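Here's the structure, in structure tokens; my notes come after.
Keep in mind it's a predicted model, so treat the numbers as computed, not measured.
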Amino acid sequence: MFSFGKSTPDAPLSAIKALQKSHYSLGSLPETIRVPASPGHDAVDARPITEATLDDIAFAVGGLEAEFNAIGDRMHALRKLSQIARDAGGVGADRAVEAAARAKAER
């Protein structure tokens with residue numbers, strides 16, 4: 001009689017969409033990954049996630065961890081510079097390096 005809702009069934013989900021639907025944490029998967037160079041292999045800047053091997057994923061994770069650590073190191077260094085400068089009496093409009101240079105050296 002009355003047609004409520006969808007008139008045609010849903011199209012089958014792709015493998016990646018089905019995984020993302022069943023595993024919430026996979027919702028942030030990128031469409032492509034960067035596989036860093038390794039001995040005998042050139043870097044691949046945009047390998048589709050659907051074509052990535054387990055080794056590709058492992059190498060991509062290693063590359064991301066290196067980037068993450070470098071960003072973390074820079075963030076901590078900036079935070080430390082800011083704290084040293086503030087502890088030395090620096091205020092918002094002061095140049096951070098000059099204010100920090102006035103501080104007593106750490107022991």
Side-chain angles (χ1 to χ4, degrees):
M1 293 183 47
F2 295 103
S3 176
F4 294 104
K6 296 178 181 173
S7 58
T8 58
D10 289 333
L13 294 176
S14 68
I16 193 75
K17 294 296 180 195
L19 280 170
Q20 289 173 322
K21 187 174 180 179
S22 64
H23 298 277
Y24 175 77
S25 61
L26 296 181
S28 295
L29 275 176
E31 290 184 17
T32 62
I33 59 171
R34 181 179 192 286
V35 182
S38 60
H41 294 59
D42 292 334
V44 178
D45 285 332
R47 168 140 313 139
I49 193 72
T50 54
E51 295 177 17
T53 65
L54 289 170
D55 282 347
D56 291 340
I57 300 293
F59 293 134
V61 167
L64 287 171
E65 285 176 341
E67 289 177 37
F68 180 81
N69 289 339
I71 290 169
D73 290 348
R74 286 194 304 270
M75 181 189 72
H76 291 293
L78 287 168
R79 187 178 288 150
K80 184 66 174 178
L81 174 62
S82 176
Q83 189 61 53
I84 292 169
R86 297 249 184 226
D87 290 350
V91 295
D94 292 341
R95 291 196 167 113
V97 170
E98 291 173 6
R102 292 192 301 261
K104 294 181 182 176
E106 280 186 319
R107 295 177 191 233

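Each of L78 and I84 belongs to its own hydrophobic cluster when Ile, Leu, Val, Met, Phe, Trp and Tyr are linked at side-chain heavy-atom distances under 4.5 angstrom. A single hydrophobic cluster is not seen to contain both L29 and L64; linkage of ILVMFWY side chains at heavy-atom distances under 4.5 Å, directly or through other members, places them apart. Under a hydrophobic-cluster definition in which Ile, Leu, Val, Met, Phe, Trp and Tyr are linked whenever side-chain heavy atoms come within less than 4.5 Å, directly or via other members, I33 and F68 are assigned to different clusters. Using a 4.5 Å cut-off between side-chain heavy atoms of Ile, Leu, Val, Met, Phe, Trp and Tyr, with links allowed through other members, I49 and L19 fall into the same hydrophobic cluster.
The number of heavy-atom neighbours closer than 6.0 Å to CG of N69, taken from other residues, nucleotides and ligands shown, is above 12.
Taking CD from E31 and OG1 from T50, the interatomic distance works out to 9.5 Å, rounded to the nearest 0.5 Å. Annotation: the span from T53 atom OG1 to R47 atom CZ amounts to 6.5 Å, rounded to 0.5 Å. Interatomic distance, T32 OG1 to D45 CG, rounded to the nearest 0.5 Å: 9.0 Å. Here R86 contributes atom CZ and L81 contributes atom CG; the two are 10.5 Å apart, rounded to the nearest 0.5 Å. Rounding to the nearest 0.5 Å gives a distance of 8.0 Å between CG of D87 and NZ of K80. Distance check, rounded to the nearest 0.5 Å: CG of L26 to NZ of K17 gives 11.5 Å.
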| What do the steps show when you test V44 against E51 for side-chain contact (heavy atoms from CB on, under 4.5 Å), and what is the final call? | CA-CA 12 Å; V44 178; E51 295 177 17; over 6 Å; no
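Across all non-hydrogen atoms, the minimal contact from A43 to R34 is CB-NH2, 3.6 Å. Among all heavy-atom pairs drawn from A99 and A85, the shortest one is CB-CB, 3.8 Å.
D94 is listed as a side-chain neighbour of R102, based on a closest heavy-atom distance under 4.5 Å.
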